[in-house]
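Residue numbering restarts at 1 for every chain, and letters A, B, ... go by the order of the sequence lines. This structure is a prediction, so every number in the text was calculated from the model and none was measured.
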2 protein chains.
Amino acid sequence: MADEIELPDEVTLLWGLRETVRRGRKPSLTVADITRAAVEVADAEGLAAVSMARVAAQLGNSTMALYRYVKSKDELLLLMSDAALDGPPNLPDGQDWRTGLTLWAQGLLKMLRRHPWTAQIPISGPPVGPNNLWWFDRALRALGDTGLDEEDKVGVVMGLLTFVHGELRLSTELSKGYVENPEAFSRQYGMALTQVVDAQRFPALSKVIAAGIFEGEVRYDEEVEGEFGLGLFLDGVAAFIERRTERQGY
Amino acid sequence: MADEIELPDEVTLLWGLRETVRRGRKPSLTVADITRAAVEVADAEGLAAVSMARVAAQLGNSTMALYRYVKSKDELLLLMSDAALDGPPNLPDGQDWRTGLTLWAQGLLKMLRRHPWTAQIPISGPPVGPNNLWWFDRALRALGDTGLDEEDKVGVVMGLLTFVHGELRLSTELSKGYVENPEAFSRQYGMALTQVVDAQRFPALSKVIAAGIFEGEVRYDEEVEGEFGLGLFLDGVAAFIERRTERQGY
DNA sequence: GCTCTTAAGCGTAGCTCGTACGCAATTATT
DNA sequence: AATAATTGCGTACGAGCTACGCTTAAGAGC
């Protein structure tokens, strides 16, 4: 009935709800084609390589043809950021919340690391893309039997998302330099720090450096690094759930 | 003695260690001037407005003059990202670790929110800028009397940094749309979700929507939103410290 | 003080990008 | 067949980064 409420532009775009037409020349592309091509380019050559011309070339079309399907490059970026979450990991249901959320966060991180450029796309609004909402739903589902009310669940999931995005921004981008040249990376970094950090201004930091944390094998192992912080956060969630359910005599 | 080890480019840049010269025309600018001007532009008009020409105009110089001080725009962005952390909040010493870290994270977030464009600058390597290291040091210092070893401290601080960066990326960018038009934001968003989310594919999410979490007053109050996740994380740190110190018979 | 060396200031120009506009080609409707 | 609607795309413009090289200014050596 109330179908006539006009949805925002981004929503109709992301859900493929743009009106289908009758008359005129047949489209030779689809929005999905363009998105896929753009993702391919970004995966292979980085987000900086994604220009309208480059994407069009990937598809064998001219640059301007794309603008019949997408209003601007920003729209294309929006599509890409939802497309990056494609492919359902299909987490096993029926776990306790902690393993559920751990698998969820790890799966999300793994997926996003396959498309590291997502961290560079500016966020333009709350999540509305189907894949984004799909992931959101799965996280909420993992919290299903915790006794938290809906608002708290959203808070927890938002916190997890916050963490995952931070992880993506920091570790992934950092480790880019690391995997290219691990030895030079850690050795040079340690050296540079010792040269520049003096114990007067940076007492705590220079203690860390003295302990040799930054020399030798810097463990920028993405897995390990992510686990640690994630574990801390989930410990916090556990404490929170306990507090909440106690108070409610659960 | 071992002063002769060549520091990486970025380090000499960020610490102002580029060789001072004798002969030739006197420089009319400094790297600091340029950085300050660029930050002004970004604060006032956003990162997109920061072009070499715009910054030069801000300083009353020509575009190409800047390239005598900075090798590329990327170098300028690097300088900006360290400059954004300027101004010591000078956290009170001698607190327990939890209030110390809470103040630290809140102070960092507050500072970064005054320069929201930092989230859009791609990270090119581990932190080496003086201000970055200064903040790092303060966080480590707050963990001084917890009995954690240096490696664990670094892990905790990295986790906090991860969280803060995620917070900056998600909430800050999101709330941009919100403060511009709060009512349209929440109302439209809730509406769009109800139109598009069906209970079959998104069972948990549609329960949340049904509970009215996204309608009405969406509480994108930055303070509150940040506190919640941060509190969860710190709860986790507390549990971690307890575990560690128990095991070591502390 | 004169000359030489070195470095700063900057105009020009080339390349890449995003995209507005308009015309030609193509297809469904009448 | 004629018409209307749409897609494909060539051209063009403005903005951005920056390589190059010339001009200008300031210290160094005599």
| query | Taking Tyr69(A) for the side chain and Leu29(A) for the main chain, is one N or O donor matched with an acceptor at less than 3.5 Å? | reply | yes
| Using a cut-off of 4.0 Å between protein heavy atoms and nucleotide atoms, how would you tag nucleotides 24-30 of chain D 5' to 3' with B, S and -? | BBBBS--
| note | note: Leu66(B), atom CG; dA19(D), atom C1'; distance rounded to Å ~ 15 Å
| query | Parallel, tilted or perpendicular: which fits the ring planes of Trp104(A) and Trp135(A), with parallel below 30° and perpendicular above 60°? | reply | perpendicular
| message | Closer than 4.0 angstrom, basic N to acidic O: yes or no for Asp137(A) and Arg201(B)? | response | no
| said: Tell me if a side-chain donor or acceptor on Asn131(A) pairs with a main-chain N or O of Ala83(A) at a distance below 3.5 Å. | reply: no
| task | Determine yes or no for a side-chain-to-main-chain donor-acceptor pair under 3.5 angstrom, with Glu45(A) supplying the side chain and Val41(A) the backbone. | result | no
| request: Find out whether Tyr189(B) and Pro127(A) are in side-chain contact, i.e. whether some heavy atom of one side chain is under 4.5 Å from a heavy atom of the other. | output: yes
| With a 4.0 Å cut-off, would you call Arg114(A) and Asp43(A) a salt bridge? | no
| note | Test side-chain contact (heavy atoms from CB on, under 4.5 Å), reference Ile34(A), set Val39(A), Leu76(A), Leu79(A), output is Leu76(A)
| Whole-Å distance between dA7(C) P and Leu29(B) CG? | 18 Å
| remark: Contact string for nucleotides 15-23 of chain C, one letter per nucleotide 5' to 3', B = base within protein heavy-atom range under 4.0 Å, S = sugar-phosphate only, - = neither, reads --SSBBBB-
